[in-house]
Amino acid sequence: MRRGFCFSFALCVISRFAGAQAPEPRQLDWNAIATEAQGILADYLRINTTNPPGNEMKGAMFLKNILEKEGFEVQILDSTELGAGRANLYTRLKGNGSKKAIALVHHIDVVPATPSFWDVDPFSGVVKDGYIWGRGAIDMKGDGIAQLMAMIALKRAGVPLNRDIVFIANSDEELGSTGALVFVDKHPDLLKDVEFLATEGGENLFSNGKITYYGVSVSEKRTFWQKLTVKGVASHGSRPTKQNPVPRLVAALDKIARFETPIHVTPGVDKYFRDIARLYSEPQRGWLSNVAVALRNSKAREWILSDVYWNAYLRNTISLTGLSGSNKVNVIPPEASADVDVRLLPDQNPDDMLATLKRIVGDTAVHFTTLLKPKAPLESPTTSDFFHAVERAAHDRDPNAFVTTNMLTGASDRPSYQKVGIKTYGIDPFRIEKAERQRGVHGNNERLSVENVGFGVRYVYDILRYAQ
Ligand SMILES: [Zn+2]
C-alpha cells in the first residue's frame, strides 16, 4: 500500500520545517493512484454483498482495513440494530473546521445476480476487455471506491481543508434502506456539522466517447407502494358467484390503469429541460426552454411525454405490477390482491394521492394498504458551494459540457440524510454509455471500464477540493 510520500528530498525538508505555515500540497502520481483504485475495486467486487442477506460486514471490514493503513480512525457501527453480518462504516478526514463538512456516502450491498445470464462470475472482479466486471461495479461499489480513493488522495497530498470529509458506507440500500435510517437515527452527533452529502443519483450523458452533460440529481421521486385487496367467498369455479373477488379487483385496476396523473413541473426538472434545450433544434428547443407552457400544446406534450424518463420527471406515476388471485383454475379464491408501484414527485402529498386513487376506484370493497411510506421530500439547491464545485470540476474536463439536474426516478438513501438538514446531491463520477448502464445496473454483465476508475477518483477529488 502506498502512503503519502514526498516527491523530492528537498520538498520533504521544506514542508517539515515550514513552521506555522500550512504545507504546500504534495504532488500525486495519478497513474499509480488509478492502478491502485482499480485493484481495490476488483477486490471489493469479489466480496459477495448480495442483499438479501447483505453480509455488508465483510465489505465494511475490507474498507476499514484500507482506511486504517492510511491512518484513518474507523468506526464499524449499528450491527446490533441491523442484524448479524451487517454494519455501517464511518470515518472522517479532518479539516480546519472553519466550514461545515461534506459527506461521501455509498451502499455496500448489491442486488442479486443470476450467474447463468452473465459472461463471467458476477463476484469474480475479473478484468477483461478493458473492464472490471462484477455485481456492484456501477451500482455502487465503483462510486464507493472513487470516493474512498479521492479522500485518501486528499490526505496523502496534504490538501488544506476548510471542511472535514466524512466517509460513510451503508448497509441495505437496495432493500429496506435500514442502514441509512439507523445511521441517521443513532448518530446525529456524527452528522451534525455536515452541510453537503454526495451519493448516487446523478447520471452523466456520455455517448461515442463524448460527454454532453454532467448530471447532478437534486431531487428524486418518492416511493409510495400500495397493495389493493378485495375479499370474497371461496367456492367452486364451475358455479360463478357474485362473491368472487377477482372481477371486482380487475375493475378497480382497469380504472387505475386508465387514469392519467396531472403534469407538474418541479424546479430541478424545469432547470434540466432548460439546460438540455440547447441540444435540440426548433421547435423542440423552444418547447424544452419552457416545458410548463409547452405541455399545453398537444404536439409538444405528446413528444415530451413519449420519453419514459421525461414522463416520470413530470408527474406522479402508477405502474400496476403484482397480481394474485386463485392458484387453481377451478377455485374462486377468498381474496384477490394487486401490487401498485406509485411514485410521487418530491413536493406531492401522499394523503392526497391516496384519496385520488380511492376516488377513482370508487369501490369501498377495495382496500388500500401502504406497503412503503414515502421518505422525506427532497429538492436541493443549485446555488450551493457544492453544486458550483461540481460545475467547476466538470468544466475543467469538458469545457463544452454543461451541468444539469436530472431527477432520479428511482430511490436512494438521500432523503434519510436530507431529513436531518443536510443538502444532498446525486453525482455520477464516471463516463458510462447509456446502454452499458441500462444493461448492467440491476441487470447482467455489470462492469466498469478500467479507465473510468482513475477518472472517477480524480473527478471526486477535484469536487471536494473546489468545494472547500
Ligand atoms: Zn445503488
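In listed order, ligands and their atoms are each counted from 1.
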Which N/O/S atom belongs to [X] and is the closest one to the Zn ion (ligand 1)?
| X | result |
| --- | --- |
| Glu200 | OE1 |
| His107 | NE2 |
| Asp139 | OD1 |

**Prompt:** Where does the angle between the aromatic ring planes of Trp303 and Trp287 fall among parallel (under 30°), tilted (30 to 60°) and perpendicular (over 60°)?
**Reply:**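 Aromatic pair Trp303/Trp287 classed tilted.
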
**Item:** Point-to-point distance, once rounded to the nearest 0.5 Å, from CZ of Phe386 to OG1 of Thr424
**Value:**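 If I round to the nearest 0.5 Å, the distance is 10.0 Å.
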
**Request:** For residues Val453 and Ala34, report the shortest heavy-atom separation together with the two atoms involved.
**Result:**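 Val453 and Ala34 have their closest heavy atoms at CG1-O, 4.4 Å.
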
**Prompt:** Is there side-chain contact between Tyr280 and Leu288, with heavy atoms separated by less than 4.5 Å?
**Reply:**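 Touching, per the 4.5 Å side-chain cut-off.
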
